[in-house]
Each structure stands twice: as C-alpha cells, then as structure tokens.
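Input: a single structure, listed below in structure tokens.
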Amino acid sequence: MGLTIAQKIIQAHLLEGEMKVGEEIALRIDQTLTQDATGTMAYLEFETIGIPRVKTERSVAYIDHNTLQCGFMNADDHRYIGSVAKKHGVYFSRPGNGICHQVHLERFGIPGKTLIGSDSHTPTGGGIGMLAMGAGGLDVAVAMGGGAYYITMPKMYKVNLSGKLRPFVSAKDVSLEILRRLSVKGGVGAIIEWGGEGIKTLSVPERATITNMGTELGATTSIFPSDEITKKFLEAEGRGGDWVELKSDEDAEYDKIIDINLSELKPLIACPHSPDNVVTVDSLSDVKCDQVCIGSCTNSSLLDMLKVAAMLKGKTVSADVSLSIAPGSKQVLRMLSDCGALGDILASGARLLECACGPCIGMGFSPNSAGVSLRTFNRNFEGRSGTADGQVYLVSPETAVASALTGYITDPTTFGKKLSVNMPRKFFIDDTAVIEPASPEQAAEVEVLRGPNIKPFPNANPVTDTMKAECVLKVGDNITTDHIMPAGAKILPYRSNIPYLSQFCFAVCDPKFPERAKKAGQSIVIGGSNYGQGSSREHAALVPLYLGVRAVIAKSFARIHAANLINAGIMPLVFANEEDYTFIGQGDRLVLENVFEGMDKGEITLVDKTTRKTYQLKCYYTDRQKAILKAGGLLQFTKGE
Ligand code: MIC
Ligand code: SF4
C-alpha cells in the first residue's frame with residue numbers, strides 16, 4: 001500500500017511504535033519553535049531538564065505575543081528568553097521581527113522536516129510540506145533536549161481541491177468552508193492532506209492560511225505537497241536549496257475524502273463565538289461594523305497585505321469603523337513599504353500595528369462595548385478580544401477591507417471584477433533581528449537574566465491509588481483553553497507566574513472557581529465534549545494543578561490539552577457512558593477507586609459519595625503515560641529517567 005505525505009514523513013522520523021491508527025508513536029523532531037507567552041515556561045522546563053545545548057537541527061525562540069510591555073514583566077521575560085536561547089543553542093527572533101509562524105515559514109521551515117512548536121498554529125508549516133504540530137511547552141523542551149515527541153498515530157484525511165478561486169474569494173474562505181462542513185471537532189485524531197488539481201492555483205501563503213486554520217478543526221496537523229510552487233517560494237526567500245519534492249503515492253489510502261470545488265466557493269464568515277459558526281458573508285449584509293482587524297498568523301503574508309493595499313488604494317475607511325493592519329513580519333512590512341503599498345494602506349485611514357499577534361490574543365485594540373469586530377484571525381472565542389461582550393467575526397482580508405470601507409459586513413465580490421497583485425520574484429531578506437546562539441565554547445560565559453516575574457512552577461503530584469476530590473466545576477461542550485486560562489493584555493504578561501495567573505482560572509465560566517478549588521484542596525473538573533480545544537498553552541493544565549485539580553472527567557478531549565494534562569500529572573478521564581455527565585453535580589464529593597489497577601485495565605471506577613452512585617470512566621493511557629502520571633508529571637518523569 002502506498003503512503004500519504006504525512007505517513008512518509010512519520011516513517012522517516014519514527015523512533016518507536018507502529019504506524020497503526022490509534023497507537024502511540026514516538027517521532028524524532030528536527031526543528032522546534034517557541035513563542036514568548038509559552039516560551040518562558042518551556043525554557044524554565046528545559047533548564048530543569050539540565051541538557052546544556054539543544055540537540056535539534058534548528059530551534060528558534062520568537063517574541064511575538066507579549067509585546068505590549070506595560071511594566072517590567074514582558075521586557076524581563078524577553079531578556080530571559082534571549083539570554084537562555086543564546087546559552088543553549090537557540091536562535092532568537094527579537095520583538096518586532098514578526099509572528100512566529102509567518103517568520104518560520106519565511107526563514108526556517110523546510111519541507112519534509114518535523115517541527116513542533118509551543119503554539120497550536122505551528123501547522124502553518126504544513127503549507128510548505130512540513131510535518132508541523134502544536135505541543136505543550138514541556139513537550140517542546142523535551143524535544144529540544146533530543147527527546148522524542150509522542151502522538152497517537154492519526155487517521156489520514158484528504159481534501160481534494162478542484163477549480164480556482166474567483167476574484168475576491170480567498171484561501172480563508174476555504175478554511176471556513178471546511179470548518180462549516182466538519183466543525184471544530186471534525187479533524188480530531190486526523191492529519192489533513194490537501195491535494196487535487198486545485199492546489200496548483202494556490203501559492204504558499206494561501207496554503208499556509210489553510211494549514212494554519214486546520215488547527216480550528218482539532219486536527220493533529222494539515223499538510224500540502226512540496227511542489228514547484230513551494231520551490232518558487234523558497235527560492236524567493238533565497239532558500240531554494242532547502243526544497244525537496246514531496247507527494248503522496250498514487251495508491252495511498254485515506255480514512256476520509258472531502259471534495260471542494262474552489263470555483264463554487266462564496267465569501268464566508270464565522271459568527272460569534274466559534275470558528276465553525278459559518279454562514280455566507282452576503283447573508284449578514286445588514287450588520288454594522290465597529291472595528292476591522294487585518295493580520296495574525298492566518299492572514300498577514302505579503303500576498304494578503306498587497307491585496308488589502310490594492311483594495312484600499314484611493315479610498316477612505318468608513319468613519320464608523322476603526323481599521324487596524326498588522327503585517328506578519330518585518331520582511332512583509334519592509335516590502336510593503338518599499339513598493340508603496342504601505343502608503344496606500346495608511347492613506348485610507350488604517351492604523352498600523354506592530355508585526356505581532358496583537359489584537360488576536362487581546363493584546364490591545366479590543367473592540368468597544370458589544371462592538372462588532374471583523375477579524376482575519378483564526379479564533380473568535382468569547383472574551384478573547386479583551387472585551388467581554390465583543391462580537392467577533394472571522395473573515396478573509398478581502399471581506400475585511402470591503403466591510404471597513406462600507407461600514408457594514410460586505411461581500412467583497414460586489415467590489416469589482418478583478419483583484420490582481422504583483423508578487424515579487426525575490427523577497428527582501430534581512431535576518432538582523434534573528435540573534436544567533438553563542439558557540440558551544442562561549443556558552444558558559446552567557447548569563448541567563450531572570451526577572452522577578454519568574455516564579456517556581458507548581459509541585460509535582462503523583463497519582464495515588466485512591467483519590468478523594470470535590471467536583472468544583474462542571475462545564476459544557478467545547479470549553480477552550482481561553483476559558484480555562486484566559487489571555488489578554490492584563491493576564492498574558494504573567495505567563496511565568498502561575499500563582500498570579502491562578503486568580504483568573506476559568507474566569508469566563510465562573511470567577512469564583514479559584515477560591516472554591518483552593519478551599520477544596522483536591523478537586524475534579526467535569527467537562528463536555530472536545531474539552532480543552534484551542535491553544536497549546538500548558539498553563540491551562542499547570543494552573544489547575546496549582547489550584548489542586550487532580551483529574552478532569554469529560555466526554556472527550558482536544559489532543560494537545562489532553563497531553564498537557566498528563567504532562568502536568570492531571571488525569572484526563574472519559575465517561576464510559578456519556579449520559580453519566582448529567583448526574584454529577586458541582587459540589588459532589590467524588591472518589592476515584594483502585595486507580596492503579598484501573599489505569600492498567602483502561603477503566604476506573606468513580607464513586608459519587610453525595611449521590612451514592614458509581615460510574616465507569618475510560619482512560620487510554622500508554623505505559624509511558626501511566627509512568628508519567630505516577631511520577632507526578634513529565635518533568636519529574638524525564639528527570640528520573
Ligand atoms: C493562541 O492563539 O491562542 C495562542 C495565544 O497563540 C496560543 C498559545 C498561548 O496561549 O500562548 C496557541 O495557539 O497555542
Ligand atoms: Fe498569535 Fe493569534 Fe496566531 Fe496565536 S493565533 S500565534 S495569538 S496570531
């Protein structure tokens with residue numbers, strides 16, 4: 001039987017396990033990336049593991065999330081990451097150089113290589129044929145130290161594209177279409193390969209938009225072949241030598257095949273508060289906009305920005321709309337400025353933000369009260385914008401501009417017949433904002449600079465055979481990591497200060513949760529399906545750990561979050577009968593019995609002392625995961641190895 005592209009890369013990097021769907025496999029990791037909001041913790045963990053120099057082919061530390069610097073916290077963390085990177089062999093992309101995924105694609109990504117990043121949108125690298133996955137910071141730390149990355153062997157889905165996008169219909173609309181069809185759970189446990197004749201009409205930035213947003217499907221990752229288009233992109237980056245061809249075998253088998261005819265797509269929009277809440281743009285034409293934001297790792301490439309500039313040229317943004325533009329990297333900004341397109345953008349009345357995540361993670365530019373904000377981003381979870389009642393819609397850059405100009409949600413295909421931009425054959429290359437690490441000989445002299453915001457992480461808590469705990473919170477389906485551990489300008493600067501962060505745990509669902517959990521001492525959280533979807537932030541596990549959470553019982557879990565819980569020594573458990581979810585209430589006194597035997601059997605008994613009922617819970621832990629839980633988390637497990 002032939003192999004898919006992902007299976008080929010997995011086969012070439014397989015350290016342990018068999019390529020059988022559902023089995024745990026261990027992969028050799030060629031490259032890692034971190035960003036600053038998850039990076040401080042990842043490097044603290046790397047230091048604790050105690051390996052002097054990274055063993056990957058390339059590891060890069062980016063500063064892109066925490067760039068507001070209201071006080072010493074972010075600046076201290078930047079200095080910490082810069083110095084720790086220098087000491088241990090990691091390249092350091094300075095603040096202002098751009099969003100990790102955009103810069104990594106431009107300057108470091110290589111087709112056929114494995115990449116893990118402490119950010120859920122790492123699959124952006126799939127746009128050039130990398131096997132690129134989001135992971136918790138600790139998994140990235142272990143990989144930097146030369147350790148394997150463990151995943152469950154995914155199913156293989158294929159999306160066959162045919163036709164060609166019409167003018168003003170965009171790669172973003174392809175992402176929204178697949179989300180409309182599959183939902184935010186539709187990609188769980190799968191790698192999505194994009195193929196068919198239609199991919200020949202999509203450039204690398206467009207492909208990267210699509211693989212980036214595959215994260216919102218819950219997919220392990222998404223990948224495009226590496227073809228002539230990939231080659232042209234790498235050549236434009238002066239990296240033609242990094243190109244290799246990658247394609248699936250003719251007789252490769254897929255678990256699911258989805259067909260999308262690009263020519264038939266219409267501009268789409270995801271309504272508040274979920275990326276799969278998708279309708280056509282023209283169905284919302286009476287909705288007035290307050291704010292429009294263009295940027296984020298989904299839509300901040302030069303191609304996107306040139307289209308935006310072409311649409312804005314000679315026009316003025318509606319007086320009722322505040323428009324922001326954040327190019328994805330210094331390279332994009334420089335080229336926009338050199339060709340005059342930046343002038344067209346600014347002349348329209350747009351506000352220029354720095355090359356960073358910014359409003360996407362609530363770092364400034366929050367909308368007004370109940371404001372309608374159209375964003376070219378990938379997530380519109382409730383409260384994420386920083387305005388609790390903000391109404392965030394996800395759109396393409398084309399829809400964003402058309403709407404910013406009219407002041408209403410506007411279908412951009414009504415805008416004109418043609419939208420063409422000239423992409424340069426060579427990109428402007430300037431890597432001065434990437435600091436090289438010290439040589440192994442000089443590394444000993446590098447001092448790691450730590451600020452007072454860095455606090456020790458929570459103590460390990462090995463799983464015990466009987467675990468008595470109170471149900472301190474019961475939540476519904478699709479709880480995101482933004483619910484569990486919110487971000488935003490006020491909280492994000494404290495990512496290396498777990499005690500401080502703990503005050504905000506589950507603030508969106510129930511502000512009293514931290515107090516209650518602390519009082520209970522040991523606790524359990526009950527969740528619905530797809531618990532922990534969204535980001536890779538391990539803080540959504542470390543903070544509950546700090547507050548005493550010992551287990552989360554849910555109908556199902558998102559991949560990265562389940563791994564983060566185990567890494568933190570918290571048991572993710574699944575209801576054997578989903579209906580049992582209904583019977584457990586907040587405040588119930590719960591006991592997990594015969595845990596060790598249950599872990600081996602794959603089924604643990606839960607006794608609800610309050611209602612005197614007994615339930616069966618499934619746990620699908622591998623021997624490695626059982627050992628991690630018994631050790632009290634991956635860090636202890638790794639140190640003890
Ligand atoms: C996000 O988009 O939610 C983030 C912020 O980039 C996160 C990482 C984090 O929480 O720091 C992600 O996607 O993993
Ligand atoms: Fe940054 Fe937003 Fe992308 Fe996350 S999704 S990496 S916050 S731009």
Side-chain angles (χ1 to χ4, degrees), residues 33-42 61-68 74 77 81 93 95 98-105 116-125 132-137 139-140 172 175 208-209 211-216 218 221 275 293-301 304 324 326-329 353-365 375-386 392 394 480-489 491-496 501 504 532-543 558-561 563-564:
L33 70 79
T34 56
Q35 41 91 335
D36 47 341
T38 53
T40 40
M41 200 50 81
Y62 293 91
I63 305 291
D64 54 2
H65 282 62
N66 258 325
T67 55
L68 277 186
N74 297 161
D77 284 353
I81 294 176
S93 171
I99 304 175
C100 54
H101 309 305
Q102 176 67 25
V103 178
H104 207 83
L105 200 69
I116 64 166
S118 60
D119 192 280
S120 66
H121 289 102
T122 305
T124 313
M133 291 163 288
D139 282 321
V140 176
K172 181 61 158 280
S175 294
T209 293
T211 54
N212 172 286
M213 248 187 121
T215 298
E216 276 48 64
T221 190
C293 306
I294 300 176
S296 93
C297 56
T298 319
N299 279 123
S300 60
S301 65
D304 285 328
S324 75
S329 69
L353 305 186
E354 71 175 323
C355 305
C357 301
C360 179
I361 190 59
M363 296 301 274
F365 214 76
R375 301 175 160 213
T376 66
F377 307 167
N378 47 38
R379 291 185 173 146
N380 57 347
F381 303 144
E382 195 167 6
R384 181 174 159 103
S385 66
V392 177
L394 306 175
T480 71
T481 53
D482 279 271
H483 289 103
I484 306 169
M485 194 54 253
I491 308 177
L492 209 56
Y494 295 93
R495 279 290 181 88
S496 39
L501 281 184
F504 307 97
Q533 69 155 324
S535 89
S536 69
R537 62 190 73 150
E538 59 187 334
H539 305 75
L542 292 174
V543 170
R559 177 185 74 90
I560 307 177
H561 186 60
N564 284 341

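Ligands are counted one by one from 1 in listed order, and the atoms in each one are counted from 1 as well.
Closest protein heavy atom to atom 4 (Fe) of ligand 2: His65 NE2, 3.7 Å.
Residues meeting the side-chain contact (heavy atoms from CB on, under 4.5 Å) test with Cys355, sequence neighbours left out: Pro327, Leu333. For the side-chain contact (heavy atoms from CB on, under 4.5 Å) test, residues two or more places apart in sequence or in another chain that qualify with Ala558 are Asn530, Gln533.
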**OP:** Could you walk me through whether Gln35 and Asp119 pass side chain to side chain donor-acceptor pair (under 3.5 Å), step by step?
**Re:** CA-CA 7 Å; Gln35 41 91 335; Asp119 192 280; 2.9 Å; yes
Original post:
Passes side chain to side chain donor-acceptor pair (under 3.5 Å), Arg379 versus Ser120? Steps please.
Top reply: CA-CA 11 Å; Arg379 291 185 173 146; Ser120 66; 2.8 Å; yes
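In this structure a side-chain-to-backbone donor-acceptor pair under 3.5 Å is missing from Arg375 to Cys293.
Using a 4.0 Å heavy-atom criterion, the residues that approach ligand 1 are Gln35, Ala37, Thr38, His65, Asp119, Ser120, His121, Ile361, Arg379, Arg384, Arg495, Ser535, Ser536, Arg537.
For Arg379, no heavy-atom contact with ligand 2 is shorter than 4.0 Å.
Side-chain N/O atoms of Asn66 and Asp36 include no donor and acceptor closer than 3.5 Å. A side-chain N or O of Glu354 and one of Thr67 form a donor-acceptor pair less than 3.5 Å apart.
Ala208 approaches Leu105 most closely through the heavy-atom pair CB-CD2, 3.6 Å.
Listed by chain and number, the protein N, O or S atoms at a distance under 2.8 Å from atom 3 (Fe) of ligand 2 are Cys297 SG.
Atoms OG and NE2, on Ser536 and His121 in that order, are 9.5 Å from each other to the nearest 0.5 Å.
Between Arg537 and Asp482, at least one side-chain nitrogen of the basic residue sits less than 4.0 Å from a carboxylate oxygen of the acidic one, meeting the salt-bridge criterion.
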